[in-house]
Amino acid sequence: MRDLNTLKEIFDNYLSGLSFPRQPEGLYFPNTYFLQIGGKRLRPSLLLLACEIYSNRAEDALDAAVAVEFFHNFSLIHDDVMDNASVRRGFKTIHEKFGLNTAILSGDVLLTYAYTYLSKSPQQSLLPVWQVFNRTAIQVCEGQQMDMDYEERESVSEAEYLQMIECKTSVLLAAAMQIGALIGGASQQEAEGLYNYALQLGVAFQIQDDILDCYGSPEIVGKTIGGDIIRNKKTLLNIRAFQAASENNDRSFSKWINMTEEYSVEKVAAVLNIYFKYGVREYAERLRNTKVNNALNILPNLNISEEAKKMLANLGEHLVYRTF
Ligand code: IPE
Ligand code: IPE
Ligand code: MG
Ligand code: MG
Ligand code: MG
C-alpha cells in the first residue's frame with residue numbers, strides 16, 4: 001500500500017498534465033494561476049488513500065480526486081471574495097489580481113469542470129459517488145452562509161459553531177474519503193465508516209485553521225494573519241473569549257468587536273491580548289485534540305488492514321498539528 005505522500009505525488013503529476021482551454025484567456029488563466037500557486041492537496045490525497053486502502057488501485061480515483069480539488073479551489077476563490085481576503089497561498093487572491101467578476105465566473109467554470117472530471121469516475125460507483133459529491137457541495141454552501149450570518153451576530157454558541165465548521169469544511173474532507181472508498185470497492189457502510197472518521201478530523205482541521213489565523217506565521221500560512229479577528233468571524237477563539245469576557249463583566253471585547261473598519265493592527269493586537277488573558281488558544285487546542293481522539297476512536301471499528309489503520313492514525317499529525 002502506498003502512503004499519503006506518494007499518492008500526493010501521483011496526484012500532482014496527473015494534475016500537471018491537465019489544462020484548461022486557452023480561450024477565453026480571461027476566464028481560464030485565473031484558474032491555472034490559482035491551481036499553480038500551491039495548496040496542500042489534502043482532499044485529493046485523502047481520496048486516493050481511501051481508494052488505495054480498499055483496492056491498491058488509487059489511479060482509478062484520479063478523476064474524482066481532480067473533481068474534489070477543483071471544487072475545493074472554486075470554494076476558496078469565492079470564499080476569498082466573501083471574506084475580503086487579499087492573500088492566499090502567499091499570492092494575491094483571484095478577485096484582488098483579476099477583479100470581482102473574474103472571481104465569480106472563473107470560480108463558476110471551475111465548479112463546472114469539477115463535474116466534468118467527476119463524471120469520468122468508474123461507472124460502477126458513479127451514482128453513489130455523484131450523490132455524495134452533490135450532498136457535500138450543498139452542505140458547503142450552507143456552512144458558508146452560516147459563517148457569513150454569524151459575522152453579524154454578537155454571540156454564537158459552540159454548538160452552532162461546530163455545526164457551521166462541519167458544513168463549510170469537514171464534510172468535504174470526509175466526502176473525499178468516502179468517494180475514494182466507494183471507487184475502491186468498499187461497501188456503502190464501510191465508506192461511511194471512513195466518512196465518520198474524517199468528519200471528526202475535519203472539525204479538528206478547521207479549529208486548527210482558526211488557531212493559525214491568529215497565531216500562524218504569515219509566510220508559512222500564506223494568508224493575512226488576523227483576518228478572522230478583523231471580520232469578527234465566529235471562530236472558536238472568538239466564541240470562547242466572548243463567553244469569558246461576559247462572565248467577567250469585561251466590556252473590552254465587545255468594544256473591539258463593534259469596530260468594523262478595514263484592517264487595523266491595533267484591533268488584532270488588542271483582541272489577541274484578550275485571547276491571551278482568557279486562555280482561549282489553549283481552550284481551542286484542547287477541543288481540537290478531543291476531535292482528533294474522537295477520530296482515532298473510530299479506527300478500531302473499521303474493517304481495513306492494520307497497515308491502513310496505522311496510516312490513518314498518523315493522519316492526525318499531518319492534517320491537524322500543522323503550521324501551514
Ligand atoms: C483552506 O483549506 C480552507 C479551509 C477549509 C480551512 P486548505 O488549508 O486545505 O487550503 P489549501 O488547498 O492547502 O490552500
Ligand atoms: C473556508 O473557511 C471554508 C471554505 C472555503 C468552504 P475559511 O474562510 O476559514 O478558510 P480560509 O482561512 O480563508 O482558508
Ligand atoms: Mg476565508
Ligand atoms: Mg470563510
Ligand atoms: Mg480560516
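Note that these values count all heavy atoms, side chains included, but never hydrogens, waters or copies made by symmetry. All residue numbers in this chain count up from 1 along the given sequence. Atoms within a ligand are numbered from 1 in the order they appear, just like the ligands themselves.
Minimum-distance N/O/S atom of D209 relative to the Mg ion (ligand 5): OD2. The atom name of the N/O/S atom in D79 closest to the Mg ion (ligand 3) is OD2. Within D83, the N, O or S atom at minimum distance from the Mg ion (ligand 3) carries the name OD2.
Ligand 2 does not have A85 within reach: every non-hydrogen atom of the residue lies 4.0 Å or more from it.
Within the set L212, D147, D79, the minimum heavy-atom distance to atom 1 (C) of ligand 2 is found for D79. Which of K223, K168, R88 comes nearest to atom 12 (O) of ligand 2 through a heavy atom is settled by distance: it is K223.
For atom 8 (O) of ligand 2, the closest heavy atom belonging to the protein is D83 OD2, 2.8 Å. For atom 9 (O) of ligand 2, the nearest protein heavy atom (residue, atom name, distance) is D209 OD2, 3.1 Å.
The N/O atoms of D228, backbone and side chain alike, include none that comes under 3.5 Å of an N/O atom in ligand 2.
The nearest N, O or S atom of D80 is not closer to the Mg ion (ligand 3) than 2.8 Å. For a distance bound of 2.8 Å, the N, O or S atoms of D210 include none lying that close to the Mg ion (ligand 5).
Between L272 and I229 the shortest side-chain heavy-atom distance falls below 4.5 Å.
Taking all atoms of both residues into account, the shortest heavy-atom contact from I211 to R281 is CG2-NE, 4.3 Å.
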